[in-house]
Amino acid sequence: MAIGVFDSGIGGLSVHRRLVERFARADFVYLADQANTPYGGRPGEEIVALTRAGCERLFAEGCDLVILACNTASAIALRRLQQTWLPDIRATRGRPTNVVGIIVPTIEAATGLPWEHEAERRGDKVEKLDVLAVFATPATAASRVYEIEIDKRRQDVAVFVEACPDLAARIEAGAGRGELAALVAGHVAAVTRRIGRAPDRAILGCTHYEIISDVFRAALRPGTPLVHQPDATAEALASYLERRPEYDPGQDGRRVFLTTGEAGLQHTLAAEFWGGPLRFDPA
Ligand code: DGL
């Protein structure tokens with residue numbers, strides 16, 4: 001089999017690149033739903049339906065395990081698909097089949113705690129000394145998943161989520177670094193104003209933003225640590241594959257890139273990130 005990696009567009013490449021480094025021999029199929037990108041401003045039901053269609057496409061491509069390399073799909077669609085859709089799909093396919101997301105590993109990395117660890121709630125007030133800024137799409141921000149799940153585990157961490165409505169779309173469109181730098185600077189300034197000071201750490205909570213992490217680094221206070229979502233996802237996949245040997249990641253190092261949008265070469269921004277021109281085939 002192969003491992004499927006799904007995103008609305010090129011953002012998931014940031015996760016995919018780390019996965020292919022870590023699992024060099026495994027087979028990977030990347031699917032970008034560029035006909036429907038961006039997801040971040042869409043209603044929840046649409047995000048669920050589009051994510052489901054993407055997973056179906058990857059299952060048809062021989063992927064038993066699909067990673068949603070997209071915070072928006074992970075925040076809005078994953079639980080619903082796992083609870084109401086995957087059981088039927090498993091029965092129809094008659095093989096182990098799963099979809100996993102990237103928010104759980106990111107929260108584990110941000111809290112330094114395994115997902116199962118929920119802090120015991122005590123009555124006394126805990127000082128929030130560690131201020132974490134999360135940059136995300138409007139849908140991810142509205143889900144409040146980062147605030148809720150981090151607060152369950154680490155009451156000493158204050159989470160400020162900054163919704164960045166146009167950013168993924170502009171990255172997807174291959175906008176120039178100057179335009180992106182101005183957008184990012186505006187969001188960093190906005191969250192800094194809300195906090196009242198610079199954040200201690202940050203999460204680029206939309207995989208598109210990792211493609212331009214240099215732009216975020218330049219806008220944040222120098223040296224601000226970033227919780228690295230691709231690393232966290234690679235770690236989580238390694239431990240998942242160890243625990244679930246029924247998922248065979250393949251061994252031919254096959255790399256397939258599919259798009260629901262226009263097939264062909266991706267733009268400079270994607271190529272710069274990838275380290276060379278990147279061609280997508282029609283999905
Ligand atoms: N890259 C995605 C994410 O991580 C989706 C961006 C979008 O389609 O709006 O949220």
Side-chain angles (χ1 to χ4, degrees), residues 4-19 30-55 58 66-79 81 99-107 109-110 133-146 149 161-175 180 183-184 187 202-213 215-216 226-234 236 257 259-261 266-267 269-270 273-274 278 280 283:
V5 181
F6 177 73
D7 184 43
S8 66
I10 59 164
L13 289 175
S14 56
V15 172
H16 180 268
R17 190 178 74 175
R18 183 72 194 97
L19 296 181
Y30 184 91
L31 173 61
D33 188 13
Q34 289 178 305
N36 298 298
T37 194
Y39 283 7
R42 288 179 181 275
E45 287 304 328
E46 280 183 31
I47 297 170
V48 172
L50 293 169
T51 305
R52 189 173 54 221
C55 293
L58 285 165
V66 171
I67 297 168
L68 300 181
C70 173
N71 288 267
T72 309
S74 301
I76 310 298
L78 182 58
R79 188 170 298 170
L81 296 181
V99 180
V100 297
I102 56 173
I103 292 183
V104 168
T106 306
I107 287 176
V134 182
F135 300 91
T137 66
T140 302
S143 79
R144 297 185 53 81
V145 62
Y146 279 104
E149 298 297 343
V161 179
E162 173 72 10
C164 311
D166 298 322
L167 192 52
R170 297 308 298 143
I171 294 169
E172 191 62 44
L180 296 173
L183 277 174
V184 168
H187 290 302
I203 296 178
L204 306 186
C206 165
T207 51
H208 279 76
Y209 306 167
E210 183 63 35
I211 302 276
I212 54 156
S213 61
V215 173
F216 273 92
L226 297 181
V227 177
H228 196 252
Q229 195 157 48
D231 273 351
T233 307
F257 296 91
T259 180
T260 59
Q266 292 289 323
H267 52 65
L269 214 49
F273 175 80
W274 190 255
L278 197 50
F280 279 63

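For ligands, and for the atoms within them, numbers begin at 1 and follow the listed sequence.
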**Student:** State which residues pass side-chain hydrogen bond (donor to acceptor under 3.5 Å, both in side chains) with T51; sequence neighbours excluded, sorted by chain then number.
**Tutor:**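 Scan of T51 (side-chain hydrogen bond (donor to acceptor under 3.5 Å, both in side chains), adjacent residues dropped) gives none.
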**Student:** Can you tell me how the ring of F257 sits relative to the ring of H16, calling it parallel under 30°, perpendicular over 60° and tilted otherwise?
**Tutor:**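 Answer is perpendicular, since the angle exceeds 60°.
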**Student:** With Y39 as reference, evaluate T137, T72, D33 under the side chain to side chain donor-acceptor pair (under 3.5 Å) test and give the passing residue.
**Tutor:**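 The side chain to side chain donor-acceptor pair (under 3.5 Å) with Y39 is passed solely by D33 among T137, T72, D33.
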**Student:** After noting the C-alpha distance and the side-chain angles of Q34 and T259, does the key distance pass the side chain to side chain donor-acceptor pair (under 3.5 Å) rule?
**Tutor:** CA-CA 6 Å; Q34 289 178 305; T259 180; 2.7 Å; yes
**Student:** Between ligand 1 and the protein, give all atom pairs where both partners are nitrogen or oxygen and the distance is under 3.5 Å, as lines of names plus distance to 0.1 Å.
**Tutor:**
| from | atom 1 | to | atom 2 | distance (Å) |
| --- | --- | --- | --- | --- |
| ligand 1 | 1 (N) | D7 | OD1 | 3.0 |
| ligand 1 | 1 (N) | T207 | OG1 | 2.8 |
| ligand 1 | 1 (N) | H208 | ND1 | 2.7 |
| ligand 1 | 4 (O) | N71 | N | 2.8 |
| ligand 1 | 4 (O) | N71 | ND2 | 3.2 |
| ligand 1 | 4 (O) | T207 | N | 2.8 |
| ligand 1 | 4 (O) | T207 | OG1 | 3.3 |
| ligand 1 | 8 (O) | S8 | OG | 2.6 |
| ligand 1 | 8 (O) | Y39 | N | 2.6 |
| ligand 1 | 9 (O) | Y39 | N | 3.3 |
| ligand 1 | 9 (O) | G40 | N | 2.8 |
| ligand 1 | 10 (O) | N71 | N | 3.4 |
| ligand 1 | 10 (O) | T72 | N | 3.1 |
| ligand 1 | 10 (O) | T72 | OG1 | 2.6 |

**Student:** Starting at SG of C206, measure out to CD1 of I211 and round the result to the nearest 0.5 Å.
**Tutor:**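 Answer for the SG-CD1 pair, C206 versus I211, is 9.5 Å.
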**Student:** Taking the side chain as every heavy atom from C-beta outward, state whether F273 and I171 have any pair of such atoms under 4.5 Å apart.
**Tutor:**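 When only atoms from C-beta onward are counted, I171 and F273 do not touch, as no gap falls below 4.5 Å.
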